[in-house]
Amino acid sequence: MENLVFLCLGTTKISGDSIGPKVGDRLKQMNIGAYVYGDTRRQVTSINVEDYVAMLKKRHSCDRIIAVDSALGKSADIGKIKITDAGVKPGGAFNKTRERVGDMGILAVVGDSEKDRLDQLRNSSSELVDELVEKVVGYALTYAGDMRFL
């Protein structure tokens, strides 16, 4: 039986990067019947993401992993959710050279990649972040309820 695993990336120290941990909180509160790593108490950040990736490879090698993260994109895409079938690349907004994580990714676009990237993440409005958290949770619940993963 294949389990569903959510890896929620980000830090609450930066507004636009807090989507992952906030989604992790909401998913845990809802008891969705999936493993959830990353929330506001135990954040998966650039400091510890490689440890989580190693753990996922050992514990969840046969499971479906969905990575959740904030992203920067075109200005017209701010506020949208992007779904990828190749996971996500942690730190991608800053061209980090980490391997992709997850079988699929749910990315919430919080800012314009053509502008100062750190500034875009720091100055994302709490209203936008909260709206995107709810959208991502909606997608996550859809995947958690999909019988193909059970």
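Every value quoted in this text rests on a predicted model; they were computed, and no experiment measured them.
- Of all the heavy atoms in G16 and V129, the pair that sits closest is CA-CG2, 4.2 Å.
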Can you list the steps and then say if L132 with K135 is a side chain to side chain contact (heavy atoms under 4.5 Å, CB included)?
CA-CA 5 Å; L132 287 168; K135 286 181 181 180; 4.3 Å; yes
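- Nearest heavy atoms, L27 versus V36: CB-CG2, 3.9 Å.
- When all heavy atoms of G111 and Q120 are compared, the pair lying nearest together is CA-OE1, 3.4 Å.
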Show your reasoning for whether side chain to side chain contact (heavy atoms under 4.5 Å, CB included) applies to E134 and R26.
CA-CA 9 Å; E134 291 308 310; R26 295 271 288 124; 2.8 Å; yes
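- In terms of heavy atoms, I19 sits closest to A108 at CD1-CB, 3.6 Å.
- A distance of 4.5 Å separates CD1 in I32 from CZ in F6, rounded to the nearest 0.5 Å.
- A donor-acceptor pair is defined here as one N or O able to donate and one able to accept, closer than 3.5 Å; no such pair exists between the side chain of S124 and the backbone of S15.
- With V44 as reference, V49 is the one residue of T11, V53, V49 to meet the side-chain contact (heavy atoms from CB on, under 4.5 Å) rule.
- Tested against L9, the residues D17, L107, V88 include a single side-chain contact (heavy atoms from CB on, under 4.5 Å) partner, V88.
- The side-chain contact (heavy atoms from CB on, under 4.5 Å) test with I106 is passed by exactly one of V23, V137, D69, V136: V136.
- Residues Y52 and V101 have side chains not in contact (no heavy-atom distance under 4.5 Å, counting atoms from C-beta outward).
- Atom-to-atom distance recorded for H60:NE2 and L4:CG is 10.5 Å, nearest 0.5 angstrom.
- D77 and K74 are not joined by a salt bridge, as no carboxylate oxygen comes within less than 4.0 angstrom of a charged side-chain nitrogen.
- A heavy-atom distance below 4.5 Å is found between the side chains of L72 and V110.
- To the nearest 0.5 Å, atoms OG (S18) and CD (Q43) are separated by 9.0 Å.
- Annotation: side-chain hydrogen bond (donor to acceptor under 3.5 Å, both in side chains) contacts of T40 (sequence neighbours excluded): D25.
- In this structure K58 satisfies the salt bridge (Lys or Arg N to Asp or Glu O under 4.0 Å) test with no other residue, sequence neighbours excluded.
- Across every non-hydrogen atom of G10 and P21, the tightest pair is O-CG, 3.4 Å.
- Atom OH of Y35 has 12 or fewer neighbouring heavy atoms from other residues, nucleotides or ligands inside a 6.0 Å radius.
- Side-chain polar atoms of S75 and E114 form no donor-acceptor pair below 3.5 angstrom.
- Atom OH of Y143 and atom CZ of R64 lie 8.0 Å apart (nearest 0.5 Å).
- Nearest heavy-atom pair, G24 versus D39, reported as atom, atom and distance to 0.1 Å: C-CB, 4.0 Å.
- Note that CE of M55 and CG of N48 are 10.0 Å apart. Values are rounded to the nearest 0.5 Å.
- Annotation: the span from L121 atom CG to I14 atom CD1 amounts to 6.5 Å, rounded to 0.5 Å.
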